[in-house]
**Student:** 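The structure is given below, and queries will be raised subsequently.
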Amino acid sequence: MKVRPVTRLFDRLGSSGRRLTPLGFGGAAIGNLYRRVSEADAHASVAAAWASGVRYFDVAPHYGFGLAESRLSAALSDLDPAGEALISTKVGRVLEPIAADQAQGERHGFVDAAAFEPRFDYSHDGVMRSLEASLKRLGRDHIDILLAHDLGAATHGADDAAHWAAFMDGGYKAMLSLRDQGVVRAIGLGANEAAVCRRALDQGDFDVFLLAGRYTLLEQAPLDDLLPACTQAGVSLIVGGPFNSGVLACAAPAGNAHYDYGAPPAWVTNKVAALRGVCARFGVELPAAALQFPLAHSAVVSVIPGAADAEEARLAAARIAAPIPAGFWQALHAEGLIDSEAPVPLVRQAA
């Protein structure tokens, strides 16, 4: 097994005696991302992940506008009476109540979600208000990891600088205070772009970044800057969106696959087809390779696919443990399908 270096996150969580599991649980799906998920399926998804050994669960107020946090809390109240689970949630949006008839259908990618509307707020008061509501929904008096959600130009465009200033002047200071008080154990960013994580690394005191969709089997740009900087600073990386919103999630081509929450561009379609070709030659499932690849980097502590039901949770557990021959990874390097500097998983030797 690859030995992970001692990091800030390791130190922050050390007193709890718990560690992030290499396979975590991304909670957006149980917040009705893309489609409605029943209460029973949401509970079964968390239960199947728990049964497979997952002990790290990531949610956010944005996921179903409180729905994912409430569903995770309900499931863990049954599954985890001893409080073994590690939970991360996010700040940066506050939820404003709306009429029930306005909550139907799809809003911001979530279908038939809770009757709230999200509004960006990175201020000190906004962060405190968001966390207080999350603690109530989660039924907890503390959070293991608190992440500032969706900062950066990719989300905010021309408003990026204003939101960043509001965060550093207000919300960031609130997060530092909460960490000092022990209300949260570790702090970081949950983002869809590497650049804002790099900015945060230069300007603040963070323990971990949850980076979605940017260090995957499809994309490895963070190898050039963010990952070496994280390694030097002892800051950990959690890889969200290991399937790049779905395009790497299917063993066979699917016509409705998403990339960055939308239709995949031609370069993505072409590269995924090439990856599938190598998978076919070596008898490897594409989703298994996608889950295992990011964990080969020493800075990466967990990979967190979403799971909308028990079958998806069980598949993730099976795929992250599936044997993949060394020749497969060598072929990806040789054919330029992954960065030449990208570390690849060690092949387990037969006993």
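Worth saying up front: this structure is predicted, and the values here are computed from it rather than measured. If you read the sequence from its start, that first residue is 1, and numbering goes on from there.
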**Student:** May I ask you to check whether F65 and F110 place their ring centres under 6.0 Å from each other?
**Tutor:** yes
**Student:** Please say whether more than 12 non-hydrogen atoms of neighbouring residues, nucleotides or ligands are located less than 6.0 Å from CD in E84.
**Tutor:** yes
**Student:** Taking NZ, NE, NH1 and NH2 as the nitrogens, is one of them in D205 or R8 under 4.0 Å from a carboxylate oxygen of the other?
**Tutor:** yes
**Student:** If you draw a 6.0 Å radius around CD in Q181, do more than 12 non-hydrogen atoms from other residues or ligands fall strictly inside?
**Tutor:** yes
**Student:** Going by distance alone, is a donor N or O of one side chain under 3.5 Å from an acceptor N or O of the other, for D125 and S123?
**Tutor:** no
**Student:** Inspect the contact between R179 and D207 and indicate whether a charged nitrogen and a carboxylate oxygen are less than 4.0 angstrom apart.
**Tutor:** yes
**Student:** Establish, yes or no, whether a centroid distance under 6.0 Å links the rings of Y172 and F206.
**Tutor:** yes
**Student:** Evaluate salt bridge (charged side-chain N to carboxylate O under 4.0 Å, His left out) for R214 paired with D260, printing each intermediate quantity in order.
**Tutor:** CA-CA 10 Å; R214 302 286 77 86; D260 275 5; 3.1 Å; yes
**Student:** With a 4.5 Å cut-off on side-chain heavy atoms, are L20 and I145 touching?
**Tutor:** yes
**Student:** In this structure, which one of P222, S302, P294, P305 forms a side chain to side chain contact (heavy atoms under 4.5 Å, CB included) with V239?
**Tutor:** P294
**Student:** Is the H156 to F120 ring centre distance short of 6.0 Å?
**Tutor:** yes
**Student:** Side chains of R198 and D225, heavy atoms from C-beta outward: is any pair under 4.5 Å?
**Tutor:** yes
